[in-house]
Participant: 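Next up is a structure, given as structure tokens.
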Amino acid sequence: MSTVTLEVGGLFEELDHLGVEKQLRQEPGVRRAVANPASGSVTVDFDPGATSVERLQWIIGSCGFRCRGEVTPRHICAPDAASARAAHEGHGAAPARDQMAHEMGHGAGMDMAAMVRDMRNRFWIALAFTVPLFIYSPMGGMFTPPAPPFGFDLDLWLFFLGTAAIIYPSWPFFTAAGRALSNGVLNMAVLVVLSVGTGYLFSVGATFFFYGVQFYEAVAVLLVFILLGHWLEMRARAGASAAIRALLDLAPPMATVLRGGHEVEVPTAEVRAGDTVVIRPGNKIPVDGEVLEGESLVDESMLTGESMPVQKTPGDLVIGATINKSGSFRYRATKVGADTALAQIVKLVQEAQNSKAPAQLLADRASQWLVLIAIVIGLATFAVWFWWIGESLLFALTLTITVFVIACPDALGLATPMAVMVGTGLGATHGILFKNAGALENATKLDVIVFDKTGTLTMGAPRVVGIVAAEGHPEEDALRAAAAVDRGSDHPLALAIVERAKGLDVPQTGSFLNREGMGAQAEIDGETVFVGNRRLMDAEGIGLGALAAEAERLKGEGRTVVHVARGGRLLGLIAIADAPRPSAKATVARLRERSVEVAMLTGDNEGTARRIAGELGITMVLADVLPGQKADKIKELQAQGKRVGMVGDGVNDAPALTQADVGFAIGAGTDVAMESADVVLMKSDPYDVVAAIELSRATLRKMHQNLFWAVAYNVVAFPMAAGVFYPLVISPEVAALAMSGSSALVAVNALLLKRTRLDGIGNGRIPAAETGQPLAVG
């Protein structure tokens, strides 16, 4: 089974996407198709043996929409070299900029921008003809209109102005309604056509046939309000896709590679796996690869969130779209096209934005029924007022049009996808990738979050966490001596000691000898220095004296104890452990403040696990757990009626991540763990779990607010429009304003999520003072 995200250009109405989904799902081999009207794209799960991407594109086209292909950073993935080169060379002209935006995967974004401009233009045209139409209309006897110019008959002059104000500006609604009906769906465009079309045709009939009362001006004002609301709503929808466009913007258009021994500038899309890529200061790295020669500092903040540049030397990996800050180097391209980290991130975000929360599935069905209900209520309103009560044709028709106009399925259809799109986009810009809307919603319901200890709550690498010096010796003596012996070793414990000794004056050594299974020794100024475990000390007859009890205490706390002796005398003990991450303690505290219980899962013995858990403020400890038992522990918690989240980074965490209600993968972890998780934390910071939950709760609040408004609005609007509260009635123009305002309000409310202060997001980031330092011994 394959998954592809395709652009869908021309989604004029919010419910247009339902027709695309319906037609795609009827194709043999398509298992799932979910579209998002805000992003202008559809994600399809399909069997490549039964259908193809080209066939799916054809189906989208047959629905009446444009499909340019996959939504990807096309500087990386597109084969159109000429277009990419033109975009790179012609950045001074507006057409070139548009071309470049398109080649970077902005097809849907540019399509939405064009639709916004078109709607704006239609609004101004409708308004320009509505103003004189309003002036020349009789206005119910309020004043006598001026004489039409050029000797026109007043009725014909009104017909001319009304036609100009209505036909061209409203035409997209007529085409959208026809497209929707052909695709087997009902949308707001159908109601607009019924209301505007009925009013216009009635006025035309009154002009040329039965010479009754016209209301061109009412229909024109109605359309002006509809167009204004649709314009503002489209602008909001375009703003919701800013996050994905920012990701697409990260890919550089061109790359310098070695071809035939010469440096050649080619479009990034033409870089092949195995190519040698040349990078100079200030260049963006085009694709993923491995450094061959040279050194430099690379800004990887776009991926990891780490503000400090990372040193790159031969053998290190570099990531596409990161920025080279200082030196020059060459690297071998290892991942190109859709395999790059950036392309995978874009794919994750697109699939998340196109996925549907459980509430949205209900809202989609309700939107369809709402259109049908509006039509039924509108026709019933006409029948009751005209035939039963005996009101005039004009009065009954006006109320019918009001009912058609005031119904707002768009607000119901937009309520959830707008919130999901903004929420997932906001998360992506801060390194939190939700894979689907279900995870976004389920993260708000978690009772317990289980953290794997190693690499998640802890750094996953040994660090010196304490030094205990022998009497009469400062701590630095033991550290200098140990670092001098261990310098040049690649043993993890040795690397930890050398790292801690940075900045100290470490002496030179000679006669180095590795003591297998015990440690090492070397000569410093004629004296032999021993660095190793207790067995090495015993073998050399070096007594521990008063430090023997301290060594046992440290071992009991799960520390690895390195003994340092010089000239036959013990200098001190160096305690090494897997240190907690700086933000781990604050993460636990914040989650508990939010009534989320925290558990630690580890293979360590109970004593060691309890010590680490105590330092971090964790009371629920799952110790002595074998890798194959992690998923079972999650099941046990779920059997108690708890909704469980799991945070891990290793291969052996994958079953537990899958079993959990929501799985969080630390970004620096394995591909298997990230594939199994529902949420990927790109910055490898456990505090991002807090941010993810805060974001999911804020997004869910926006969903509920929007759904409540959409439902409440329609419940109140229908009886008011149908004249239930007569003589208090509302005009079609006011109904249009209310309908347009309802859709715009839902869209703007979702966009306000960007300005919400969230713990762990943007300015709501954990204060540095609360992160603390790696916990020390004793």
Side-chain angles (χ1 to χ4, degrees), residues 305-306 427 430-432 442-460 463 465-466 557-558 577-602 604 606 608-623 633-634 637 642-649 653 660-668 679 681-701 756-778:
E306 175 57 55
H430 290 89
I432 302 169
N442 291 335
T444 66
K445 306 172 184 176
L446 297 178
D447 302 309
V448 182
I449 293 184
V450 179
F451 286 87
D452 179 61
K453 178 182 76 72
T454 305
T456 304
L457 289 174
T458 64
M459 300 300 294
R463 287 191 176 186
V465 293
E557 292 179 350
D578 185 6
R581 290 187 181 271
S583 61
K585 188 172 183 179
T587 299
V588 174
R590 288 289 199 274
L591 289 173
R592 295 183 68 177
E593 287 173 7
R594 287 155 179 76
S595 301
V596 178
E597 195 173 359
V598 180
M600 186 180 76
L601 184 66
T602 178
D604 292 345
E606 185 76 19
T608 301
R610 289 285 178 191
R611 176 190 57 78
I612 296 174
E615 292 175 342
L616 298 179
I618 298 174
T619 56
M620 183 186 296
V621 178
L622 307 174
K633 293 296 181 181
I634 302 297
L637 291 171
K642 299 180 184 293
R643 286 162 294 191
V644 183
M646 169 70 190
V647 188
D649 74 328
D653 295 327
D661 295 280
V662 180
F664 300 84
I666 290 290
V679 185
L681 310 177
M682 298 299 296
K683 292 180 286 190
S684 300
D685 184 351
Y687 201 83
D688 279 344
V689 175
V690 178
I693 291 177
E694 282 286 287
L695 180 58
S696 65
R697 288 181 175 181
T699 304
L700 195 64
R701 281 196 300 271
T756 304
R757 182 181 175 87
L758 301 173
D759 194 5
I761 296 288
N763 293 331
R765 194 71 203 160
I766 177 176
E770 295 186 39
T771 61
Q773 297 297 325
L775 302 176
V777 173

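Since we're looking at a predicted model, the values are computed, not measured. Just the heavy atoms: all of them, side chains too, but no hydrogens, waters or symmetry mates, feed the values below.
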Participant: Kindly indicate whether the side chain of M620, heavy atoms from C-beta on, has any atom under 4.5 Å from the side chain of E597.
Facilitator: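 In short, these two side chains touch, coming nearer than 4.5 Å.
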Participant: Taking atom CZ of F664 and atom CD1 of I432, what is their separation to the nearest 0.5 Å?
Facilitator: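 So the gap between those two atoms works out to 9.5 Å.
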Participant: Search all heavy atoms of V596 against all heavy atoms of I449 and return the closest pair with its distance.
Facilitator: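 Result for this residue pair: CG1-CG1, 3.7 Å.
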Participant: Given side chains that start at C-beta, do those of V662 and V679 come closer than 4.5 Å, heavy atoms only?
Facilitator: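 Yes, their side chains come closer than 4.5 Å.
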Participant: Rounded to the nearest 0.5 Å, what separation is found between the CG atom of L457 and the CG atom of D452?
Facilitator: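 Going from CG on L457 over to CG on D452, the span is 8.0 Å.
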Participant: Would you please test D685 and R581 for side chain to side chain contact (heavy atoms under 4.5 Å, CB included) and show each step?
Facilitator: CA-CA 8 Å; D685 184 351; R581 290 187 181 271; 5.8 Å; no
Participant: Would you give the length of the straight line joining atom CG of L681 to atom CD1 of I666, rounded to the nearest 0.5 angstrom?
Facilitator: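 CD1 of I666 is found 5.0 Å from CG of L681.
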Participant: So do L758 and L695 actually touch side chain to side chain, heavy atoms under 4.5 Å?
Facilitator: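 With C-beta onward as the side chain, the pair touches.
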Participant: Could you check if a side-chain atom of K453 sits within less than 4.5 angstrom of a side-chain atom of I612, using non-hydrogen atoms only?
Facilitator: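 The answer is yes, as the side chains (C-beta and beyond) meet within the 4.5 Å cut-off.
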Participant: Just by modelled atom types, is the T619 backbone N or O under 3.5 Å from a matching donor or acceptor in the R610 side chain?
Facilitator: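 Side chain of R610 to backbone of T619: a pair is present.
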Participant: State, yes or no, whether a side-chain contact exists between L601 and M646 at a heavy-atom distance under 4.5 Å.
Facilitator: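 Yes, their side chains come closer than 4.5 Å.
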Participant: Listed by chain and number, what are the side-chain hydrogen bond (donor to acceptor under 3.5 Å, both in side chains) partners of R594, not counting sequence neighbours?
Facilitator: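 So R594 forms a side-chain hydrogen bond (donor to acceptor under 3.5 Å, both in side chains) with E694, D759.
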Participant: Donor-acceptor pair, R590 side chain versus V690 backbone, under 3.5 Å?
Facilitator: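 Flag not set: sc R590 to bb V690 has no pair under 3.5 Å.
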Participant: Under the rule for side-chain hydrogen bond (donor to acceptor under 3.5 Å, both in side chains), what residues qualify as partners of R697, not counting sequence neighbours?
Facilitator: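 For R697, no residue satisfies side-chain hydrogen bond (donor to acceptor under 3.5 Å, both in side chains) once neighbours in sequence are set aside.
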Participant: For residues V647 and P686, determine if any side-chain heavy atom of one lies less than 4.5 Å from a side-chain heavy atom of the other.
Facilitator: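 Side chain of V647 against side chain of P686, heavy atoms only: no contact under 4.5 Å found.
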Participant: Judged by atom type as modelled, is there a donor-acceptor pair below 3.5 Å linking the side chain of D447 to the main-chain atoms of K642?
Facilitator: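 No; zero donor-acceptor contacts below 3.5 Å.
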Participant: Can you measure from OG1 (T602) to CZ (F451) and round to the nearest 0.5 angstrom?
Facilitator: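 It comes to 14.0 Å.
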Participant: Mind checking whether V588 and R592 have side chains closer than 4.5 Å, heavy atoms only?
Facilitator: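 Side chain of V588 against side chain of R592, heavy atoms only: contact under 4.5 Å found.
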Participant: For L616 and P580, which heavy atoms make the closest approach, and how far apart are they?
Facilitator: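 What the structure gives for the nearest pair is CD2-CB, 3.9 Å.
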Participant: Using 0.5 Å steps for rounding, measure from the CZ atom of R643 to the OG1 atom of T444.
Facilitator: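 If I round to the nearest 0.5 Å, the distance is 8.0 Å.
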Participant: Output, in order, the C-alpha distance, side-chain angles, deciding distance and verdict of side chain to side chain contact (heavy atoms under 4.5 Å, CB included) for V644 and L446.
Facilitator: CA-CA 6 Å; V644 183; L446 297 178; 5.9 Å; no
Participant: For T458, what residues pass the side-chain hydrogen bond (donor to acceptor under 3.5 Å, both in side chains) criterion, not counting sequence neighbours?
Facilitator: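 D578.
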